Peer 1: 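Input: one structure, supplied below.
For clarity, every value in this text was computed on a predicted model and none was experimentally measured.
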Amino acid sequence: MANHPNHHEAAYLSLMRGLRELDLSGSFVPSDLVLIGDHAFPLAMNSQGQVPMAASLYGKGRIVVLGHEGYLTAFPALVENALTWLRGDGSDNRSVGVHRNVGSLPESIARSGFQTQVVEEFSGDLGFGVYVTDAYSVGADPKALVAFLKAGGGVLIAGQAWSWAADHPRENTLHQFEGNRVAGVAGIYFSGNVGEVERLPVYPQIPASWMAAMLGKDFEDDLEFLLQGVSEFLIPDGLLASEVLIHGQLAFPIGTTDNGRPFLAGAYYGQGRVIVATHEGLLGRQELAPFWKNAIHWLDEGRQGVIGVSLDHALGVLQQSGLTCQKSGFRKDLSVFVCSAYSGDHAQEIQNFVAEGGGLLIGGHAWYWAQTNWGKNPLKHFAGNKILNKMGLSLLGATIPSGKYRAPDPKQAIKDNYHFRHLLTRFASHVTAGENLSKQEEQCLKKLGDDCSSYLRMKAHDSCFYTQVVSTLTDVLKKSGMPQVSEECPVKHPKDHLLLSVGTEVYKTCRDPDALLPYLIKDTPLLPVVYNQRINIDVKTAGEKEWLSTGLYLSPGMKTHISIPAPMVQKGWQIQIGCQTDQLNADELKRPPRVHQQVAVTAEMMQVWNLWGGLIYLVAPPETKVSGVEVVVQMAVPAPYYKSGVTTAEAWSLLRTAPSPWAELEFDNIILTVPSETVRNLEHPEELAQVWNKIMKAIADLAAKPEKFPRKERFVADVQISHGWMHAGYPIMCHKSSAAELVKVDHMRSHGLWGPIHELGHNQQRGCWEFPPNTTECTCNLWSVYVHEEVLGIDRSKAHPNMSLENRKCRARNYAKEGRMLNSWEMWVALETYMQLQDKFGWDAFKKVFAAYHEMSTFPGDNPGKMNLYAETFSQTVGMNLTAFFKAWGWPIQEATENKLSSLPSWSDHPMVQYN
């Protein structure tokens with residue numbers, strides 16, 4: 001959770017040493033420089049957010065770019081600083097090569113000990129430490145100068161491209177203007193835009209402005225080339241693509257859904273180009289062959305080189321481009337490399353290959369990786385993003401559905417389509433300068449908030465644009481404040497949605513979170529704290545992570561140190577602050593979308609905090625055993641925390657008044673997390689513990705599992721949850737209004753707990769005897785019926801209105817009357833099938849059936865196969881052929897199943913006979 005400085009700050013301070021002001025108001029009219037990648041940073045920025053001077057790194061070398069050649073003589077102190085920095089740390093080479101067209105550098109350069117040599121053209125054989133040139137004298141082949149830079153040389157290049165661009169209106173300034181063939185490789189481009197001239201102060205840190213986030217190109221000509229003969233994009237059924245986040249100044253959408261979510265995008269990077277398709281299967285689709293032909297030619301840029309294709313299924317389609325396509329791994333001599341996004345091999349080499357002029361076509365999705373790498377961030381850790389992030393593109397865990405999507409109009413695409421950078425700039429101008437947003441822009445603000453949050457989690461602290469985004473959003477939050485969302489003051493407006501989404505991530509990322517906190521959280525009450533609380537760790541986890549309660553709470557923004565025993569460090573343990581792990585995606589919010597925080601335990605002393613505060617947990621990894629050690633929490637707010645067998649009645653009488661707004665009750669097999677006011681009057685938690693212990697024992701009994709759960713179930717009662725009135729999971733989530741029924745014994749015995757037991761039943765469901773979607777909301781109710789009758793003493797007919805005998809008979813009769821169609825056999829109708837079995841054979845039959853499944857290792861993968869196995873298993877368990885009964889319910893019972901069970905007596909008088 002530590003804040004990270006930008007490592008380019010030291011370079012900036014060296015370059016601007018001794019300077020207080022840069023007077024750019026003279027006769028020199030500079031180019032506005034466009035910066036991309038992780039290493040380029042501005043040295044100066046005017047009031048319009050334009051950059052007339054910048055620096056960057058490439059390979060082992062350094063480069064300084066000035067937006068007009070006149071600046072070489074106008075700012076001698078800056079040039080002297082630049083030569084010193086470009087020479088590199090520890091280098092004693094003071095030899096400077098100067099192209100003859102630059103003329104003489106300021107005399108002060110010689111006085112500072114640099115030896116200058118004027119040359120006709122660059123040569124790497126002359127032994128220079130630094131080379132100075134204007135942007136018009138790079139030469140026809142800049143590769144030698146790029147190689148010099150990459151190997152550790154320093155380059156100072158100055159000039160403007162606006163006059164060249166005016167004289168070459170059909171040329172691509174980014175790639176064809178001479179100076180960009182060197183500076184562009186390092187992520188700094190001379191643009192065709194004229195920079196405004198002003199007197200600029202020299203700031204103590206790298207300058208930033210929300211206006212600096214504008215796009216560097218309109219991409220109309222690129223889209224016209226790429227979309228020639230292309231009217232639509234087809235994502236076929238069965239192919240699930242990812243969404244791509246387009247965040248680079250030179251990145252742009254190519255194919256999007258109807259609501260603007262991109263699945264195909266392109267970008268300029270250095271002197272090369274890249275296209276990303278968010279599923280590798282798209283590269284082999286014949287119906288997309290016209291687009292891939294255009295794409296390969298766009299990436300090749302007329303070189304007519306070799307296209308290396310590492311994907312077998314894409315080779316045939318790409319060969320239709322007319323260029324030489326061959327099966328190949330990565331090679332530096334290729335013109336274009338085609339690969340999947342699933343390998344991080346050669347990541348740096350591929351980035352350099354593109355920066356120096358190569359083309360990259362990369363396909364793959366990140367959603368499966370995100371689902372199977374719980375707790376990891378795809379933007380930071382997914383292999384493809386390690387290549388793509390620097391290029392201004394990132395694959396997300398979000399998915400794109402199959403379908404046909406209309407190709408954009410090149411003339412309207414950038415204007416009409418959502419673009420992260422453009423809308424971020426527009427939103428900042430709305431908040432900072434009061435500019436009005438269009439209706440279309442307002443509709444995209446919620447998505448912008450989600451994308452900002454995703455982008456900020458990239459943690460690209462060395463990227464200048466990343467720090468620009470952080471700075472912009474910090475300024476926005478300070479200007480507007482953050483809506484103080486609550487149940488009484490819900491958030492509905494897209495602007496407030498955005499501010500809530502980004503507030504948490506900006507707080508984690510900005511330079512000074514403590515200074516930002518008062519703009520985010522108002523009126524945080526000062527709660528009494530305890531010090532050096534010792535938490536005994538005694539845990540043995542099975543195959544899943546487990547939260548360990550500490551009984552401690554952190555207020556919003558409150559920081560604490562936690563001392564961790566060495567056996568728990570770097571072993572997959574996490575510290576979690578907050579019990580509300582549901583991420584909300586609703587139009588109306590009663591709390592922020594994401595309010596919990598998790599951090600990996602990487603040291604024996606961890607400092608942690610969370611903007612929204614929350615209960616403190618230790619999260620134990622799967623298959624881990626730790627006992628006999630202590631964790632020490634330096635300072636925290638005590639919470640009402642009752643633990644069966646540990647907390648005495650005397651201790652609870654004090655603990656239930658503890659100041660934390662959240663309380664926890666931990667029993668043998670379940671932990672209830674509820675608002676503290678729910679337990680303030682709970683005098684005898686041991687009575688509640690007895691009831692819950694019986695409930696959980698009954699749940700295990702019916703499931704034919706050991707009485708002690710491998711991991712205690714959890715309930716969390718929240719002001720708002722992600723879906724439904726309650727939903728299963730770890731934890732089970734329910735609304736705050738349901739909290740009281742979880743802790744009142746009299747209410748449980750008189751009115752029952754259908755909803756909570758229903759969710760506990762969901763957590764017992766197994767795919768091998770589940771037939772989704774038919775039984776998803778059905779079989780979980782077996783536990784509701786069982787617990788109400790066996791533990792709470794409430795007959796099934798009274799446990800839920802739908803379980804009255806009249807309703808049950810009506811459902812069975814209507815189902816039979818309407819043709820016994822499986823598409824209507826679901827939820828309550830489906831439950832009646834199981835209830836009829838229970839009426840005849842009792843609960844023991846279900847327990848034995850579940851036990852039989854525990855002994856099985858292989859199962860059918862389809863519903864018909866699974867239904868036949870269930871019919872067979874239940875029949876053999878009760879010693880009766882039930883195939884007629886299941887067929888009467890419309891189950892697809894196979895002849896083979898009937899033959900297997902033919903020797904058993906048939907259940908001929910089953911309840912469905914009456915409806916024949």
Side-chain angles (χ1 to χ4, degrees), residues 1-4 370 373-381 397 449-450 452-459 461 470 473 477 482 485 499-510 512-514 516-517 520-521 524 527 535 545-562 564 568 572-584 589 591-603 605-621 631 633-637 639 660-662 664 673 714 716 718-722 729-731 733:
M1 293 188 186
N3 194 33
H4 297 268
N373 288 269
W374 188 87
K376 289 188 177 180
N377 179 2
L379 269 80
K380 192 172 179 65
H381 299 117
D450 294 340
C452 283
S453 297
S454 295
Y455 178 77
L456 290 171
R457 286 195 286 272
M458 194 187 299
K459 308 293 185 191
H461 298 285
V470 173
L473 291 172
L477 287 163
M482 194 165 66
V485 61
L499 294 170
L500 276 177
S501 293
V502 302
T504 306
E505 300 301 330
V506 173
Y507 179 74
K508 294 177 194 174
T509 310
C510 68
D512 190 353
D514 291 339
L516 183 61
L517 185 60
L520 305 180
I521 305 287
T524 301
L527 301 178
I535 313 297
K545 292 189 175 187
E546 185 172 343
W547 301 1
L548 307 183
S549 300
T550 65
L552 299 171
Y553 170 84
L554 287 182
S555 297
M558 177 181 175
K559 297 179 179 179
T560 193
H561 284 87
I562 300 180
I564 309 287
M568 296 169 57
W573 283 78
Q574 293 176 305
I575 298 167
Q576 177 174 305
I577 304 171
C579 57
Q580 304 150 277
T581 52
D582 258 11
Q583 187 151 343
L584 306 182
L589 293 173
R591 69 156 171 87
R594 180 185 171 95
V595 292
H596 78 290
Q597 169 79 339
Q598 285 184 333
V599 60
V601 173
T602 56
M605 183 62 72
M606 301 285 297
Q607 187 182 37
V608 296
W609 66 91
N610 181 21
L611 172 62
W612 307 107
L615 291 169
I616 303 173
Y617 299 93
L618 295 160
V619 184
V631 166
V633 180
Q634 179 198 50
M635 179 179 68
V637 177
S660 159
W662 287 97
E664 290 203 314
T673 307
R714 282 184 174 271
V716 173
D718 197 358
V719 67
Q720 187 175 6
I721 65 177
S722 60
Y730 183 81
M733 298 296 302

Peer 1: Measure up the Y730 and W547 rings against each other and bin them: parallel (under 30°), tilted (30 to 60°), perpendicular (over 60°).
Peer 2: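 If you compare the ring of Y730 with that of W547, the planes turn out perpendicular.
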Peer 1: If I take atom SG from residue C452 and atom CZ from residue R457, how far apart are they, to the nearest 0.5 angstrom?
Peer 2: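 Atom-to-atom, C452:SG and R457:CZ are 11.0 Å apart.
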Peer 1: Identify which one of V608, V619, T560, V631 satisfies the side-chain contact (heavy atoms from CB on, under 4.5 Å) criterion when paired with I575.
Peer 2: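 Result for side-chain contact (heavy atoms from CB on, under 4.5 Å) with I575: V608.
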Peer 1: If you compare all heavy atoms of G449 against all heavy atoms of V502, which two are closest, and at what distance to 0.1 Å?
Peer 2: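 In this case the closest contact between G449 and V502 is O-CG1, 3.8 Å.
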Peer 1: Taking atom NZ of K545 and atom CD of Q598, what is their separation to the nearest 0.5 Å?
Peer 2: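 Result: 6.0 Å between the selected atoms.
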Peer 1: Tell me, yes or no, whether the heavy-atom count around K376 atom NZ, taken from other residues, nucleotides or ligands under 6.0 Å, exceeds 12.
Peer 2: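 No, because the 6.0 Å sphere around NZ of K376 holds 12 heavy atoms or fewer from other groups.
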Peer 1: So do L500 and P593 actually touch side chain to side chain, heavy atoms under 4.5 Å?
Peer 2: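 A side-chain contact exists here, since the closest heavy-atom pair is under 4.5 Å.
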Peer 1: Can K380 and M458 be said to form a side-chain contact (heavy atoms from CB on, under 4.5 Å), step by step?
Peer 2: CA-CA 5 Å; K380 192 172 179 65; M458 194 187 299; 5.5 Å; no
Peer 1: If you define the side chain from C-beta out and look only at heavy atoms, does anything of H596 sit under 4.5 Å from Q580?
Peer 2: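 Of all side-chain heavy-atom pairs linking Q580 with H596, none is under 4.5 Å.
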Peer 1: May I ask you to test the V637-L552 pair for a side-chain heavy-atom distance under 4.5 Å?
Peer 2: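 No, side chains not in contact.
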Peer 1: Can you tell me how far NZ of K459 sits from CG of L379, rounded to the nearest 0.5 angstrom?
Peer 2: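 Atom-to-atom, L379:CG and K459:NZ are 11.5 Å apart.
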Peer 1: For the residue pair W573 and L618, establish whether any side-chain heavy-atom pair is separated by less than 4.5 Å.
Peer 2: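 SC-SC contact between W573 and L618 confirmed.
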Peer 1: Counting N and O atoms only, with roles assigned by atom type, does the side chain of N610 sit under 3.5 Å from a partner on the main chain of V595, one being a donor and the other an acceptor?
Peer 2: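 The answer is yes, because a donor-acceptor pair under 3.5 Å joins these two groups.
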Peer 1: What are the two closest heavy atoms between L477 and G503, and how far apart are they?
Peer 2: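 Closest approach of L477 to G503, heavy atoms only: CD1-CA, 4.1 Å.
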Peer 1: Cut-off 3.5 Å, side chains only: do S549 and E664 have a donor facing an acceptor?
Peer 2: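 Distance-only check passes for S549 and E664.
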Peer 1: Establish, from distance only, whether the side-chain atoms of T581 and R714 form a donor-acceptor pair under 3.5 Å.
Peer 2: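 There is no such pair between these side chains.
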Peer 1: Before you tell me yes or no, could you show the steps for K559 and D514 under salt bridge (Lys or Arg N to Asp or Glu O under 4.0 Å), namely the whole-Å CA-CA distance, both residues' side-chain angles and the distance that decides it to 0.1 Å?
Peer 2: CA-CA 10 Å; K559 297 179 179 179; D514 291 339; 3.5 Å; yes
Peer 1: Rounded to the nearest 0.5 Å, what separation is found between the NZ atom of K508 and the CG atom of L456?
Peer 2: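 K508 atom NZ to L456 atom CG measures 9.5 Å (nearest 0.5 Å).
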Peer 1: Under the criterion side chain to side chain donor-acceptor pair (under 3.5 Å), I'd like the reasoning laid out for T504 against W612: C-alpha separation, chi angles, the key distance, then a yes or no.
Peer 2: CA-CA 8 Å; T504 306; W612 307 107; 2.7 Å; yes
Peer 1: Mind running side-chain contact (heavy atoms from CB on, under 4.5 Å) on Q720 and M733 for me, showing each step along the way?
Peer 2: CA-CA 9 Å; Q720 187 175 6; M733 298 296 302; over 6 Å; no
Peer 1: Tell me the closest heavy-atom pair linking C579 and Y617, and the distance in Å.
Peer 2: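 Heavy atoms only, the tightest pair is CB-OH, 3.3 Å.
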Peer 1: Please give me the minimum heavy-atom distance between L517 and P556, naming the atom from each residue.
Peer 2: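 Looking at all heavy atoms of both residues, the closest pair is CD2-O, 4.3 Å.
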Peer 1: Taking D450 for the side chain and S501 for the main chain, is one N or O donor matched with an acceptor at less than 3.5 Å?
Peer 2: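 The answer is no, because no donor-acceptor pair under 3.5 Å joins these two groups.
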Peer 1: Return the minimal non-hydrogen interatomic distance between I616 and T550, and the atom names on each side.
Peer 2: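 Shortest heavy-atom contact: O-OG1, 2.7 Å.
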Peer 1: Would you indicate whether the side-chain heavy atoms of Q634 and M605 approach each other to under 4.5 Å?
Peer 2: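 Heavy-atom side-chain distance check fails, nothing below 4.5 Å.
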Peer 1: Once you round to the nearest 0.5 Å, how far does CG of L548 lie from CD of Q576?
Peer 2: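 Spacing of CG (L548) from CD (Q576) equals 10.5 Å.
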Peer 1: Can you tell me how far OH of Y507 sits from CG of L520, rounded to the nearest 0.5 angstrom?
Peer 2: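 Atom-to-atom, L520:CG and Y507:OH are 8.0 Å apart.
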Peer 1: V599 versus I577: any side-chain heavy-atom pair under 4.5 Å?
Peer 2: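 The answer is no; the side chains never approach within 4.5 Å.
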Peer 1: S722 and L584: which non-hydrogen atoms are nearest, and at how many Å?
Peer 2: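 So the two residues come closest at N-CD2, 3.7 Å.
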Peer 1: Can you check side-chain contact (heavy atoms from CB on, under 4.5 Å) on L527 and S660, steps first, answer last?
Peer 2: CA-CA 8 Å; L527 301 178; S660 159; 5.9 Å; no
Peer 1: Could you go through the side-chain contact (heavy atoms from CB on, under 4.5 Å) check for R594 and E505 one step at a time?
Peer 2: CA-CA 10 Å; R594 180 185 171 95; E505 300 301 330; 4.2 Å; yes
